[in-house]
Amino acid sequence: NAGVTQTPKFQVLKTGQSMTLQCAQDMNHEYMSWYRQDPGMGLRLIHYSVGAGITDQGEVPNGYNVSRSTTEDFPLRLLSAAPSQTSVYFCASRTRGVGTEAFFGQGTRLTVV
Amino acid sequence: AQTVTQSQPEMSVQEAETVTLSCTYDTSESDYYLFWYKQPPSRQMILVIRQEAYKQQNATENRFSVNFQKAAKSFSLKISDSQLGDAAMYFCAYRNTLEYGNKLVFGAGTILRVKS
């Protein structure tokens, strides 16, 4: 059982470059989310999706785009990378229901120079 | 907007001893869920325990238990018989049952160090 798979695990970008962080889950979960983790700030929600074709903004959406064309995949696009986007990014998925457990990927450490 | 506060950036505990991590939250809602997640050095986020606000009984999972004080908006995690494998960052998180998307709101985290 793969669970939630994020690729790549590490990435270095130059300022202004674009890239896509991949997230795939094999648990048929309706809900998927992207978070960024920064020291002293915990995890903050970037974008989330409650099903294929439905996405919405979280707390810190600026500079990021998402789409959800299938239940399994939820890629996060950095349009023009900035040093402020240096962070660890986590993708999570869960079933519908308010008490359900969120399953997280292993994270992507992104450095923008 | 709901907020979650973890006031202890770092805590230390001796192996086999008990430690309590603090968490407070701010909400005007009456029904919600609270969670504790563990993040070891591997970076993997692992659910430790969850509590529904309408349940008065404190949740327990083996050596992990919570002290849920709804009126005080407090949700502390007690780890008994601490083990070296408990060393990690611990995050407290809140989820509103009524909000669209039922998003998780995290605290800043507490680093737990376990001494042998």
Side-chain angles (χ1 to χ4, degrees), chain A residues 2-10 23 25 27 29-51 54-61 66 68 74 87-110, chain B residues 1-10 21 23-25 27 29-55 59 61 66 68 88-111:
Chain A
V4 179
T5 303
Q6 284 184 239
T7 55
K9 288 188 170 49
F10 300 93
C23 176
Q25 52 95 4
M27 297 173 282
H29 286 170
E30 298 96 331
Y31 286 29
M32 297 186 74
S33 304
W34 276 102
Y35 295 87
R36 59 176 289 172
Q37 181 180 2
D38 302 292
M41 305 188 76
L43 280 76
R44 293 180 293 165
L45 183 65
I46 303 171
H47 286 286
Y48 66 100
S49 168
V50 298
I54 306 169
T55 63
D56 208 342
Q57 296 181 351
E59 183 185 356
V60 288
V66 292
R68 182 103 180 266
F74 191 43
S87 187
V88 179
Y89 291 84
F90 286 95
C91 178
S93 75
R94 65 181 179 94
T95 57
R96 191 187 306 270
V98 293
T100 58
E101 176 182 355
F103 292 85
F104 287 80
Q106 288 272 37
T108 297
R109 180 175 292 279
L110 176 68
Chain B
Q2 293 89 5
T3 58
V4 177
T5 301
Q6 294 179 249
S7 58
Q8 307 152 317
E10 287 191 32
L21 308 184
C23 173
T24 59
Y25 56 95
T27 184
E29 303 298 333
S30 60
D31 193 17
Y32 46 87
Y33 274 82
L34 297 163
F35 303 81
W36 278 99
Y37 275 88
K38 171 185 177 181
Q39 185 182 47
S42 66
R43 236 169 39 198
Q44 184 65 49
M45 293 285 286
I46 303 164
L47 177 66
V48 175
I49 201 165
R50 80 189 92 182
Q51 172 85 40
E52 183 180 6
Y54 267 112
K55 291 188 177 177
E61 290 286 345
V66 298
F68 174 49
M89 174 82 86
Y90 286 83
F91 291 100
C92 178
Y94 165 97
R95 180 184 289 156
N96 185 343
T97 61
L98 296 178
E99 185 186 47
Y100 175 76
N102 310 123
K103 301 178 286 292
L104 271 175
V105 178
F106 285 88
T110 297
I111 297 172

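Below, all heavy atoms of this structure are taken into account, side chains as well, without hydrogens, waters or symmetry copies. Order of the sequence lines fixes the chain letters, A, B, ..., with proteins taken first and strands second; residue numbering starts at 1 for each chain.
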Next item on the list: Name the region of A:Arg96, side chain, backbone, both or neither, that has any atom closer than 4.5 Å to a heavy atom of chain B.
Entry: neither

Margin query: Let me confirm one number: the NE2-CZ distance from A:His47 to A:Phe74, rounded to the nearest 0.5 Å.
Written below: 7.5 Å

Margin query: Before you tell me yes or no, could you show the steps for B:Tyr37 and A:Glu101 under side chain to side chain contact (heavy atoms under 4.5 Å, CB included), namely the whole-Å CA-CA distance, both residues' side-chain angles and the distance that decides it to 0.1 Å?
Written below: CA-CA 10 Å; B:Tyr37 275 88; A:Glu101 176 182 355; 4.1 Å; yes

Checklist line | Interchain contact, B:Arg95 with chain A, by part (heavy-atom threshold 4.5 Å) | finding: side chain

Item checked: Qualifying residue, where the test is ring-ring contact (aromatic ring centres under 6.0 Å, His included) with B:Tyr94 and the options are B:Tyr32, B:Phe35, B:Trp36, B:Phe106 -> B:Tyr32

Checklist line | Region of A:Leu43 in contact with chain B, defined by heavy-atom distances below 4.5 Å | finding: both

Item checked: B:Phe91 CZ to B:Ile46 CD1 distance, which is reported to the nearest 0.5 Å -> 12.0 Å

Item checked: Donor-acceptor pair, side chain of A:Gln25 and main chain of A:Cys91, under 3.5 angstrom -> no

Margin query: Between B:Glu52 and chain A, with a heavy-atom cut-off of 4.5 Å, which part of the residue counts as in contact: side chain, backbone, both or neither?
Written below: neither

Notebook entry, point to check: So what's closer than 4.5 Å to chain A heavy atoms on B:Leu104: side chain, backbone, both or neither?
Noted result: both

Notebook entry, point to check: In residues 2-10 of chain B, which residues are in contact with chain A at a heavy-atom separation under 4.5 Å?
Noted result: none

Next item on the list: Report the distance from atom OG1 of A:Thr100 to atom OH of B:Tyr33, rounding to the nearest 0.5 Å.
Entry: 9.0 Å

Item checked: A:Ser49 side chain to A:Ile54 backbone, donor-acceptor under 3.5 Å -> yes

Notebook entry, point to check: Within 45° of the six-membered ring axis of A:Tyr48 and under 6.0 Å from that ring's centre, is NZ or CZ of A:Arg94 located there?
Noted result: no

Item checked: Spacing of A:Tyr35 atom OH and A:Glu59 atom CD [to the nearest 0.5 Å] -> 10.5 Å

Next item on the list: Identify which part of A:Asp38 has an atom lying under 4.5 Å from any heavy atom of chain B, answering side chain, backbone, both or neither.
Entry: neither

